[in-house]
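Have a look at the structure below, then the notes.
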2 protein chains.
Amino acid sequence: MDTTPRLREQACFALYTASRAVIGLYRPMLDRLGLTYPQFLVLMALWETDGLTVTALGDALQLDSGTVSPLLKRLEAAGFVERRRESGDERRVTVHLTEAGAALESRGCEITRVVGGAAGMSPEELTALRDRLNAFTESVRSTRAAE
Amino acid sequence: MDTTPRLREQACFALYTASRAVIGLYRPMLDRLGLTYPQFLVLMALWETDGLTVTALGDALQLDSGTVSPLLKRLEAAGFVERRRESGDERRVTVHLTEAGAALESRGCEITRVVGGAAGMSPEELTALRDRLNAFTESVRSTRAAE
DNA sequence: CGCGATTAAGTTGTGCACAACTTAATTGTG
DNA sequence: CACAATTAAGTTGTGCACAACTTAATCGCG
């Protein structure tokens with residue numbers, strides 16, 4: 001009996017591949033805005049709530065400070081965000097959209113619409129897939145925490 | 001009317017997060033074998049079919065030579081695989097498991113079982129999710145190719 | 001056969017991810 | 001109040017991903 005799991009049969013591999021495929025679809029469109037996908041996620045978070053701290057951004061994106069800090073440094077160098085040391089608590093840094101960063105919102109929304117259309121499924125199916133994935137992530141995270 | 005897509009509502013973001021979460025679950029287990037997740041995928045492909053060329057491995061993992069070549073260099077340095085320049089076509093390099101690489105198979109299979117169990121869903125649901133993700137990837141890829 | 005086009009693998013450069021660590025500010029407890 | 005513990009952000013080092021490129025071998029067409 002063959003117990004070796006085949007690559008193509010693995011849900012984890014399908015996940016890894018799907019994630020890279022969709023980011024690859026975003027890439028040429030985001031290139032025109034001068035953004036990478038993680039940078040785009042930062043802007044999405046700020047379009048929703050401007051002035052988040054570095055930690056709050058990390059929570060929203062599920063990324064630690066070692067990833068977020070250099071990401072913000074590049075976004076600031078590109079002129080899309082601005083970092084401000086908080087006066088109340090000098091440890092905290094809040095991140096704010098610049099004019100240029102705020103101005104990308106409508107083009108950014110258009111890109112998410114185009115990508116959604118490329119999924120090859122209805123909005124309802126896409127929502128169901130998203131919920132399934134979020135439940136999966138939650139289960140995996142609780143297992144990690146319980147180790 | 002608010003048309004800005006929220007981060008948590010995006011299927012693409014759920015995908016990106018789920019992929020990183022599950023790789024994070026693999027990490028401590030693969031660490032004990034001295035492997036990263038992409039390195040583990042290479043071994044899975046070779047456990048199924050030993051002696052693949054670099055290009056065939058790239059096709060199996062959906063990665064280009066710029067990613068696979070250094071990956072194989074590290075796997076070879078770790079003593080899990082061996083590269084052989086083909087005598088028939090000197091451009092081609094085939095990748096073969098060493099004793100040590102082949103010996104990891106049973107422990108590797110056990111890890112995939114443990115991770116599968118952490119998904120928080122039945123094997124049938126996991127299979128359905130996998131198929132959904134593969135259909136998604138296929139649709140996204142065909143859109144990319146058609147641009 | 002000759003030679004331009006193609007193919008295989010590898011290299012270079014940029015930007016994530018993440019573990020481990022550092023620095024500096026703040027908090028809580030005696 | 002003192003000061004150890006905690007917290008916030010950033011740094012360092014490793015290993016992907018991927019675009020763009022290089023090198024070398026093979027192919028195919030005239």
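All chains are named by letter (A, B, ...) in the order of the sequence lines, taking the proteins before the strands, and each is independently numbered beginning at 1.
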>> Tell me which pairs pass side-chain hydrogen bond (donor to acceptor under 3.5 Å, both in side chains) where either residue lies in residues 67-76 of chain B, with sequence neighbours left out.
In response: B:D64-B:T67, B:E76-B:R83
>> Regarding B:I23, tell me which of base, sugar-phosphate or nothing describes its non-hydrogen contacts under 4.0 Å with the strands shown.
In response: nothing
>> From the set C:dC18, C:dC16, C:dT26, return the single nucleotide nearest to any side-chain atom of A:L71.
In response: C:dC16
> Between CG of B:L129 and CG of A:L15, what distance do you get to the nearest 0.5 Å?
Replying inline: 7.0 Å
> How is A:D64 classified with respect to the nucleic acid when contacts are heavy atoms under 4.0 Å: base, sugar-phosphate, or nothing?
Replying inline: base
>> Does B:G58 reach a base, just sugar-phosphate, or nothing at all? Heavy atoms under 4.0 Å.
In response: nothing
> In whole angstroms, how far is the P atom of D:dG15 from the CG atom of B:L75?
Replying inline: 11 Å
>> Just the rounded figure in Å: distance from P of D:dA17 to CG of A:D31.
In response: 19 Å
>> Protein within reach of the bases, or only the backbone? For nucleotides 9-14 of chain C, mark each nucleotide 5' to 3' as B, S or -, using heavy atoms under 4.0 Å.
In response: BBB---
> A:R20 has a side chain; which of C:dC18, C:dG15, D:dA17 sits nearest to it?
Replying inline: D:dA17
> Atom CG of B:L61 to atom P of D:dC16: distance rounded to whole Å?
Replying inline: 11 Å
>> Using OP1 and OP2 only, check whether a side-chain N or O of B:Y16 sits under 4.0 Å from C:dA17.
In response: yes
> Going through the checks in order, is the side-chain hydrogen bond (donor to acceptor under 3.5 Å, both in side chains) test met by B:E86 and B:T94?
Replying inline: CA-CA 7 Å; B:E86 284 296 277; B:T94 52; 3.1 Å; yes
